[in-house]
Protein chains: 2
Amino acid sequence: MATKRLPRSPSVDTVDTSFLETLMGYNARRAALAIIAIFLVRMKEFGLRPVDFSVASLITHNPGITSRQLCIALGILPPNLVTLVNGLEKRGLISRLPHPTDGRAMGLHLTEQGLTLMREAEKKAMELEKESSHRLTAMEQKTLMRLLKKVYAQDAS
Amino acid sequence: MATKRLPRSPSVDTVDTSFLETLMGYNARRAALAIIAIFLVRMKEFGLRPVDFSVASLITHNPGITSRQLCIALGILPPNLVTLVNGLEKRGLISRLPHPTDGRAMGLHLTEQGLTLMREAEKKAMELEKESSHRLTAMEQKTLMRLLKKVYAQDAS
DNA sequence: TATTGTTATACTCTATAACTATA
DNA sequence: TATAGTTATAGAGTATAACAATA
């Protein structure tokens, strides 16, 4: 067996991330994950992950919304929404009522228990805003919100 | 028109998403997903998903970087990075060389093939910027980038 | 004793095909 | 024929525990 000498690689002292930081996708993903990380911790008491919360919130503000409408609004695929809705129903937070005009569809509604929980959960979610963007001024927060909406506008993904 | 009968579940004509849209996390996630969706399609020719690209890009600009450094910089857990690095190595894009001072670590480097691919991939990634934020002015893009960095600054997640 | 890299593994998230009942 | 909801399932993504080699 011949002795094979491998070249040694120079070590990196501080990692240069400057190129990645020029990419909008990288920055948007990092920012979203940072905010979601806070959300996960603070909303744990309600047993609501970000998507559960989004679904429940849309039902809150759109009584009688259908699964299909939820899927389109949130970019969730129908098979994956089933699990989410079933979970909320099993916890007694929502109920399914027959749709007034479409016999295939079901209208989703909050129960009294669901309403009580969502009132608290949405209040907490609003409080989290301060924590999520505490490094930004009020004006910067408003600007960031507007620009983010502009980025994903017209998108149904 | 006949008399309207009170339905058990009123239907929703247009979905009201106004509350969710007041939340930074919701907007940030939607924006990030919209950009990533474009990335997935356009970078398919290179066989690089967002995380593969991030790993390969950091190796490009930090020759000799270790797995541990990659994990910290990108918020990836060590066991999950192994699969990513193995994939890049099996494709002949990167190679592992012994670390100059730490016998436990390996320095990661691009191969010639990897360098050729990453030059094209990073060029394409920069072109994607126009597509990702074409609804924003140059000034707005600069502002958005700055504010996003401010949101996730000091975060290692 | 602590750290780097790794294996094994489990759990969540996301995606596709196909079925049912209604339209 | 098309659509709403569902089932089953496969593939990504992400998490923890534990181990070998080295510091």
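Chain letters run A, B, ... following the sequence lines, proteins first and then strands; every chain starts at 1.
- A salt bridge links A:Arg146 to B:Glu140: at least one charged side-chain nitrogen sits closer than 4.0 Å to a carboxylate oxygen.
- Among residues at least two apart or in separate chains, salt bridge (Lys or Arg N to Asp or Glu O under 4.0 Å) pairs with a member in residues 34-47 of chain A are A:Arg42-A:Glu131, A:Glu45-A:Lys124.
- Candidate nucleotides C:dT6, C:dG5, D:dT7 were compared by shortest atom distance to the side chain of B:Ala105, and C:dG5 ranks first.
- With sequence neighbours left out, the ring pair (Phe, Tyr, Trp, His ring centres under 6.0 Å) criterion links B:His109 to no other residue.
- Taking the side chain of A:Leu77 as heavy atoms from C-beta on, and the options D:dT16, C:dA15, C:dT4, the nearest nucleotide is C:dA15.
- Near DNA chain C, meaning a heavy atom under 4.0 Å from it, residues 47-62 of chain B has no residue at all.
- Listed by chain and number, the residues in a side-chain contact (heavy atoms from CB on, under 4.5 Å) with B:Glu89 are B:Asn86, B:Ile94, B:Arg96 (sequence neighbours excluded).
- Side-chain contact check for B:Glu122 and B:His61: at least one donor-acceptor pair (N or O, by modelled atom type) lies under 3.5 Å.
- Nearest heavy atoms, A:Ala73 versus B:Val15: CB-CG1, 4.2 Å.
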- Tell me, for nucleotides 18-23 of chain D in 5' to 3' order, what letter each nucleotide earns: B for a base near a protein heavy atom under 4.0 Å, S for only sugar-phosphate near one, - for neither? ---BBS
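- Legend: salt bridge (Lys or Arg N to Asp or Glu O under 4.0 Å) pairs involving residues 56-65 of chain B, not counting sequence neighbours: none detected.
- Of the possible donor and acceptor atoms, one in the side chain of B:Asn62 sits under 3.5 Å from a partner among the backbone N and O of B:Leu58.
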